[in-house]
Structures are given as C-alpha cells and as structure tokens.
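These notes are about the structure you will find just below.
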Protein chains: 2
Amino acid sequence: MAKHVVSGSKRTVRAVNAATLARLREAGLRPTRQRLALAALLFDGHPHGRHVSAEALFGEVRAAGAKVSLATVYNTLHQFTAAGLLRELVVDPGTSLFDTNVGDHHHLYFEDSGDLRDVDADRIEIKGLPATPKGAEVARVDVIVRLRRRS
Amino acid sequence: MAKHVVSGSKRTVRAVNAATLARLREAGLRPTRQRLALAALLFDGHPHGRHVSAEALFGEVRAAGAKVSLATVYNTLHQFTAAGLLRELVVDPGTSLFDTNVGDHHHLYFEDSGDLRDVDADRIEIKGLPATPKGAEVARVDVIVRLRRRS
DNA sequence: TTTTTAAACTAGAATAATTCTAATCTATTG
DNA sequence: CAATAGATTAGAATTATTCTAGTTTAAAAA
C-alpha cells in the first residue's frame, strides 16, 4: 500500500498511510502527529473494525511510543466522530466506546466476556416501527442484543 | 384504591399504596420510609411508565418533602432494577435512566428535545439476527430509534 | 411492649470518566 | 521564514456514581 511522507513538520516524520491522511484532510482536520498516531491505531490493519474506549486507546498510543495526552485522545475521538470516521456507542453505563465501523450495523454484546460483535444491518429487517413523525428523520437505529451464559 | 398503614415505625406513618407495598415485600425489600417514597414517585399514577435519572428522582423526592440521601436513591434504583421493578438504560453517554416499564419494549429517542418514548415490542418484528450461540441466551434486545429534526 | 439485630440509611470522601482552562506549540498560509 | 489559526497539553474542574463507616430503623425475639 502507498505511503506518503508528511512535510511541514519540524523533524520530517515517519511515513503514514495515504488513505488515513486523505481521510483526515477530507474531514478538514490537520494531519497532526497525534491524530495520525491515533488514526493509525484505529484504522490501519483492522479490516473488521474495532471498538475502543478513550482510556484503552490512550494506553495503546503511549505504548506505541507516541506522546499524546488524554485530553487529545478525547478531543480526537470526538472530532473523528463528528467527521463520520467513528461512531460512539454505549453498551455499559459509565463508559463510551468508539466504533471504527461507521456503516449501518448493529451489535451483539456478550455480557459475561464483554465481547462486542458487529452485525451487518442489511442482514436484519425491523418491522413495525412507528412512523417517523413529520419534520423528523431517523438519525440512526441502534440494536444491541445482549447475551449471557444460559442459566 | 386500597391503602395500608405501615406499622412498626416509631411515629406511625402515612398511608401507602398497597400494590407498592406488596411489590417491595415480594422483592424481599423492607418497605422503609425512603423506599416507599421513591416507589410512590416511580410507580404511582404513571400508567404509561416513566424514565428517570438518579439526580432527577433525588430532586423529586426532596421536593416532595422526604428526607432521602442521594446514596439511597442510587442504592434503591439498583435494588429495584435487580428485583425486576426497573430497567436501566443509556440513551446518552454519561448518565443512566431507569425505566419503570419492565415489559418487553423499545425506545424512540428525540435527540433535539431529549424526549424518550416507549414502543411495545410486540408491535415490532426483528428478522435476521444471528443465531444465539450454544450455551448462551438472549438476556434482552435493546432497540433505540434516534430521531432528529429533518435538515 | 421492649430488646436485639441485621438491614438500611446517611454525609461526606473517594473514584471514574470526561470536560475545561489557559498556556504553549505547530501546521499552514502569505 | 513570519504570522496566525488551529491543535496540544498538564492539570484543575466537573459530573455521575460508588464507597466508607458510623447511625438509625424495621422486623423478629423475648
């Protein structure tokens, strides 16, 4: 896959994924060192998407050696979400997860293990929903199937 | 509607809804002054159910003149939830709502107003969900339809 | 009724997740 | 390369929730 070099920074910097770079530019977000590091962790080499909390991503990015503050992780996750690069979801009260799969899909949540799996929306049909009121539109439909070990 | 008088307390106390009292007893929860006050706000005179946050309920119970601490509100909401008298749900990251409707149902969320409406599950049919894995069972299915003003 | 006791309640401290602030830095533009 | 708008940061602040440990109370026993 093609790599580019980001110019304009003081010490010219490691190669980045071209698609990631393009994604940021399209979203009107400057491709800063921090955003690139976070985007790499979020989007590179995860063909099936991932679900990540702010704290977990913060851990990863620092483990990867990048200097990024927790505030920036939060800022970036929200900016990516606003730009349509991520989707925020809550399966357990208390913390948000960010989903790199922004296609129309739903979730299977294994309460015991905490495992969360995507289910393509086009495999699913939901009938009987009330008519969307005039002047409103459906922003999104979230389906979470919660599974537990059979008793 | 029939009322009972709770005995055993120091100053014999105001009449309470018999159904509420029975509900607590069935759940193995002592009908304390605080639980009765909270249960009254939650369950009495709300035929269509309600969605309430801990803070909001705390406000209501104190406005009603009862002395109940915030810790007790949280304890009670969780005990009621464990007893199947309430259902916890999250529509917005950051805070939990407690739903007095514990029947099988889903939600319509108006993002602009914050309004939340129940949709009976038996009006709805969901097809194409993946098979429940062996050894697991569906604990519950949450559907949240998020609506916003049409752009 | 009084006593006993486990359960429940409480204020306030503690924690967890997230947001804010205001100072510093840097990617882009001229 | 200088100017500047935008981005980053550490740490403080805020918000929602949980915990602690001392006090009160409902229910059971006497």
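Just so we're on the same page: letters track the sequence lines, and every chain starts at 1.
We find that CG of A:Leu36 is positioned 13 Å from C1' of D:dA7, with the value rounded to whole Å. Residue A:Phe58 contributes atom CZ, which lies 11 Å from atom C1' of D:dT9 at whole-angstrom precision. The nearest whole Å value for the distance from the CD atom in A:Glu55 to the C1' atom in C:dA16 is 9 Å. One atom, NZ of A:Lys67, and another, C1' of D:dA10, lie 15 Å apart when rounded to the nearest Å. Look at CG on B:Leu70: it is 11 Å from C1' on D:dT15, rounded to the nearest Å. Taking atom CZ of B:Arg33 as the reference point, atom P of D:dT23 lies 18 Å away to the nearest angstrom. Spacing between atom CZ of A:Arg62 and atom C1' of D:dA10 amounts to 11 Å, rounded to whole angstrom units.
Evaluation of the salt bridge (Lys or Arg N to Asp or Glu O under 4.0 Å) rule for B:Arg62 yields no partner, not counting sequence neighbours. With sequence neighbours excluded, no residue forms a salt bridge (Lys or Arg N to Asp or Glu O under 4.0 Å) with A:Arg30. Remark: B:Ala22 pairs with B:Glu26 by the side chain to side chain contact (heavy atoms under 4.5 Å, CB included) rule, at least two apart or across chains. A:Arg23 is linked by a side-chain hydrogen bond (donor to acceptor under 3.5 Å, both in side chains) to nothing, counting only residues two or more places apart in sequence or in another chain. For the side chain to side chain contact (heavy atoms under 4.5 Å, CB included) test, residues two or more places apart in sequence or in another chain that qualify with A:Ala56 are A:Val52, A:Ser53. With sequence neighbours excluded, the residues that form a side chain to side chain contact (heavy atoms under 4.5 Å, CB included) with A:Gln34 are A:Thr32, A:Val68, A:Thr72. Listed by chain and number, the residues in a salt bridge (Lys or Arg N to Asp or Glu O under 4.0 Å) with A:Glu125 amount to none (sequence neighbours excluded). Contacts of A:Asp112 classified as salt bridge (Lys or Arg N to Asp or Glu O under 4.0 Å), with partners at least two apart in sequence or in another chain: A:Arg149.
Of all the heavy atoms in B:His48 and B:Asp118, the pair that sits closest is O-OD2, 4.2 Å.
Residue B:Gln34 has a polar side-chain atom (N or O) positioned under 4.0 Å from OP1 or OP2 of C:dT10. Of the side-chain N and O atoms in B:Tyr74, none sit less than 4.0 angstrom from OP1 or OP2 of D:dT18.
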Check the interface with nucleotides 1-6 of chain D: list each N/O to N/O pair with the protein under 3.5 Å, or write none.
unit_1 : atom_1 : unit_2  : atom_2 : d
D:dG6  : O4'    : A:Arg30 : NH2    : 3.2

Pairs under 3.5 Å (N/O, protein and nucleotides 2-4 of chain C):
none

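Counting non-hydrogen atoms under 4.0 angstrom, B:Ser96 reaches the backbone sugars and phosphates but no base. Within 4.0 Å (heavy atoms only), A:Thr32 reaches sugar-phosphate atoms of the nucleic acid but no base atom.
Looking at A:Asn17, its side chain does come within 3.5 Å of a backbone N or O of A:Thr20 through a donor-acceptor pair.
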Between side-chain atoms of residues 88-100 of chain B and protein atoms elsewhere (two or more places apart, or another chain), which donor-acceptor pairs fall under 3.5 Å?
unit_1   : atom_1 : unit_2   : atom_2 : d
B:Glu88  : OE2    : B:Ser96  : OG     : 2.6
B:Asp92  : OD2    : B:Tyr109 : OH     : 2.8
B:Asp99  : OD1    : B:Asn101 : N      : 2.8
B:Asp99  : OD2    : B:His51  : NE2    : 3.2
B:Asp99  : OD2    : B:His105 : NE2    : 2.8
B:Asp99  : OD2    : B:His107 : NE2    : 2.8
B:Thr100 : OG1    : B:Arg50  : N      : 2.7

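With D:dG11, D:dT17, C:dG12 as the candidates, the nucleotide lying closest to the side chain of A:Ala71 is D:dG11. Considering only side-chain atoms of A:Pro31, the nucleotide from C:dT28, C:dT18, D:dT8 that sits closest is C:dT28.
Residues A:Leu116 and A:Leu108 are not in side-chain contact: their nearest non-hydrogen atoms beyond the backbone lie 4.5 Å or more apart.
In terms of position along DNA chain D, the nucleotide closest to B:Ser53 lies nearer the 5' end than the nucleotide closest to the other residue of the pair B:Ser53 and B:Leu29.
Residues from residues 75-95 of chain B that place a heavy atom under 4.0 Å from any atom of DNA chain C, listed by number: B:Asn75.
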